S.K.: 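Next up is a structure, given as structure tokens.
All values derive from a computational prediction rather than experimental measurement. Ligands are counted one by one from 1 in listed order, and the atoms in each one are counted from 1 as well.
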Amino acid sequence: MLNEFRMQLPIFQFRDKIIKSIRENQVIIIAGETGCGKTTQIPQYIYENDSNLRIAVTQPRRVAAMTLAERCSLEKQTKLGQLIGYNVRFDDCTSKDTQITFLTDGMLIREFIVDQQLKRYDIIIIDEAHERTVQSDLLLGLLKNLCRKRKQLKVILMSATMQIEKFANYLETEAIHIIEARTHTVDVYNVPIRQQDYVESMVNTILQLHFTQPEGDILAFLTGQEDIEDVREILLERMKISNQEKQLEVKMLYSALPPEVQMEAFQKCVHRKVVLATNIAETSITIDGIVYVVDCGYVKIRSFQIGKAIDTLLLAPVSKAQAEQRAGRAGRQRQGQCYRLYTQQTYERLAKYMLPEILRVNLLSVILQMKAIGIQNVLTFDLIDRPDMELMLANLNQLVKMKALDSEFNLTQHGKNMSSLPLEPQFSHFLIKAYECGIYDLALNSISILQVENLFYFQRGSKENLQKILSKFKISNSDHLTKANILRKYEETQNKKSFCKENSLNHKTLQKAISVKQQLKDYMKRITQKEFEKEDYDKFKQVLSESLMFKHAFYSPQDQAYKLKQTNQLAYIHPESVLFNQKPKYVIYNEVILTKKVYLRDVTEIDEL
Ligand code: CDP
Ligand code: MG
């Protein structure tokens, strides 16, 4: 069955040609429609042709790495983690027998830090290169260099069919394979007038499709957890009221969702299914049975304002290339339809491609990694698109302030230690400093729990209990300390399940946090032996405030909001913070997010700026 399935994929026709091309070239490019079989088949073809080769396949997202490893294991009838495995941050599912490893771009960069020759692998596949994440751009640069040193190494770049020439020029290769796949036409409809609220018009469009159109599943593109949950709630509500015979199954798909819930989006349903997804369903993941696509026209991107030291999650219009990709999801099995919740004029004005991430985000962590890999002059490193010089200098200086680099921009021992931790530089700095000050348990608990998503679990409509629950654990006007306390109480309690139930906490999330803590502890053991513990909240705040030196804000009474110290931008404390109903004068925060308002998430009060 599965073998037959594999042979029917469009890429199967190209199998021998690609194997030959890999033999004859050091760098090859494979481009093709989503779903044609690139990611799942190419690694297997290589293995079937020569079972001695060790292959790494990178993905921009954890979920994709995990599901693809699982899918390939199923096709090869092996147990996940044996022949085929995955390796993502805080979750390594490989063994000594693993020959095909799916890993995130970030994890492969970490391997570069340990072994600059990457001798563990014979073939490296950079997948989804068109997404142009900072990590995959950096990997291309590193591999371009490495190819000159390791003549036997093979590099394969895979992407959707966009900007192929640009990649080919940069990697200096002519070995390009474009996989033609039979796709069906997709009729595209735009709304005639500009929509005020895409959540509302998303719900209406889905229901209209459901009640008037023949069978076929619906894929709806939204921007993130918040609007996905909103649409889901309203849909369920309206379905209940309409009391129609025709049932609709509502599934969700976004990165922060627990894997078992994500899996539900792929399952066949008895009734019509609508999958509410982020751009994760654009290219890296294929859901069978989709005939209708609804596209809200927006995407959440990380963005950074030059000269200002904050990364923000912004809502941005999609690019034309993304809009086409989204529409294409409807035409895989038969003729499909795509409904765009924006006008034709808006479409015409969209940018052709999204600005690559490396030109719009904070590069602090990448620059530290480049230094740790041994790149002397990061300003002149050959990347496919060069970031702004001024921004890179600002980041270099920030690393000097953290003492990760000396005044000549050489990596210090502290910088080396920081880069060995799988955390953002601010948090590596914080953890190491906290150990030195003897507040390691507090710091470890705090950092570990901040690495996991969906800490709370609320039944619909019961979210107002949140502040009550938080107040039970509250310490010193600080989300960082309060969350550390939640993890500690969880660890101490005997009956963990009922503890979670009582406090609307997510048992799985806390288990995950414990595992993260253990792993961070192991990393820290390699850096320092210190192990005396103080319970000093003031010290904690002082070290945290120093580590988050570019994330300070103060209350501005005339605006009734917080002003970010770096930019003077206005923001509000997130409703899930212990400080939500208070107005402390000075705060530090982990991140700025933009949803309905600009929010500061994970906030701690401090005495002075
Ligand atoms: O990488 P590309 O988009 O070219 O395709 P792929 O991820 O290799 O997927 C090839 C086919 O395998 C898809 O069209 C799906 O039908 C199937 N597949 C699946 O059923 N379950 C998965 N987790 C991944 C792929
Ligand atoms: Mg793929």
S.K.: So for atom CZ, which belongs to R386, do other residues, nucleotides or ligands contribute more than 12 heavy atoms lying within a distance under 6.0 Å?
M.R.: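 Counting other residues, nucleotides and ligands, CZ of R386 exceeds 12 neighbours.
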
S.K.: Distance to 0.1 Å, residue and atom name: give those for the protein heavy atom nearest to atom 3 (O) of ligand 1.
M.R.: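 The answer is G35 N, 2.7 Å.
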
S.K.: Salt bridge check: are K166 and D385 linked by an N-O gap of less than 4.0 Å?
M.R.: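 Between D385 and K166 there is a salt bridge, with a charged N closer than 4.0 Å to a carboxylate O.
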
S.K.: Is R326 paired with E282 through a side-chain N to carboxylate O contact shorter than 4.0 Å?
M.R.: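 The answer is yes: the pair qualifies as a salt bridge.
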
S.K.: Starting from atom 14 (O) of ligand 1, find the nearest protein heavy-atom neighbour and note its residue, name and distance.
M.R.: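 Looking at atom 14 (O) of ligand 1, the protein heavy atom closest to it is R332 NH2, 2.6 Å.
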
S.K.: Between Y339 and Y189, what is the ring plane arrangement, given parallel below 30°, perpendicular above 60°, and tilted in between?
M.R.: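 Ring orientation of Y339 relative to Y189: parallel.
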
S.K.: Report the nearest protein non-hydrogen atom to atom 1 (O) of ligand 1: residue, atom name, distance rounded to 0.1 Å.
M.R.: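 Answer, as residue, atom name and distance: T39 OG1, 2.6 Å.
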
S.K.: So, 4.0 Å and heavy atoms of E33: is ligand 1 close enough to count as a contact?
M.R.: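 True for this residue.
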
S.K.: Could you tell me whether the side chain of I55 reaches within less than 4.5 Å of the side chain of D122, counting heavy atoms only?
M.R.: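 Side-chain contact under 4.5 Å: no.
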
S.K.: Compute the minimum heavy-atom distance from C36 to ligand 1 and say whether it is under 4.0 Å.
M.R.: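 Distance cut 4.0 Å: C36 passes for ligand 1.
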
S.K.: So which protein heavy atom does atom 21 (N) of ligand 1 come closest to, and at what separation?
M.R.: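 Protein heavy atom with the smallest distance to atom 21 (N) of ligand 1: R71 CD, 3.3 Å.
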
S.K.: What residue and heavy atom of the protein are closest to atom 5 (O) of ligand 1, and at what distance?
M.R.: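 Sorting protein heavy atoms by distance from atom 5 (O) of ligand 1 puts G37 N, 3.2 Å first.
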
S.K.: Can you tell me which residue and heavy atom of the protein come closest to atom 17 (C) of ligand 1, and the distance to 0.1 Å?
M.R.: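 Result for atom 17 (C) of ligand 1: F5 CZ, 3.6 Å.
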
S.K.: Any chance you could measure L53, atom CG, to I123, atom CD1, to the nearest 0.5 Å?
M.R.: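 Here the rounded value is 5.0 Å.
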
S.K.: Do the charged groups of R15 and E48 touch, with an N to O distance under 4.0 Å?
M.R.: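 E48 and R15: salt-bridged.
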
S.K.: With a cut-off of 2.8 Å, does T39 place any N/O/S atom under that distance from the Mg ion (ligand 2)?
M.R.: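 Looking at T39, which is the residue asked about, there is an N, O or S atom under 2.8 Å from the Mg ion (ligand 2).
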
S.K.: What's the spacing between I206 CD1 and L276 CG if we round to 0.5 Å?
M.R.: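 If we round to the nearest 0.5 Å, I206:CD1 and L276:CG are 5.5 Å apart.
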
S.K.: Just need the protein heavy atom nearest to atom 9 (O) of ligand 1, so name the residue and atom and give the distance.
M.R.: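 Looking at atom 9 (O) of ligand 1, the protein heavy atom closest to it is T40 OG1, 3.9 Å.
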
S.K.: T94 and N87: side-chain donor and acceptor closer than 3.5 Å?
M.R.: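 Note: T94 and N87 side chains miss the donor-acceptor criterion.
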
S.K.: Only heavy atoms of K38, strictly under 4.0 Å: list the atoms of ligand 1 that pass.
M.R.: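 Selected atoms, number and element: 1 (O), 2 (P), 3 (O), 4 (O), 5 (O), 8 (O).
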
S.K.: List ligand 1 atoms under 4.0 Å from D288, heavy atoms only on the residue side.
M.R.: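 Near D288, the atoms of ligand 1 are 16 (O).
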
S.K.: Enumerate the atoms of ligand 1 whose separation from the nearest heavy atom of T34 is less than 4.0 angstrom.
M.R.: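 Numbered from 1, ligand 1 contributes 3 (O).
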
S.K.: Are any of the N/O atoms in L9 less than 3.5 Å from those in ligand 1?
M.R.: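 No.
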
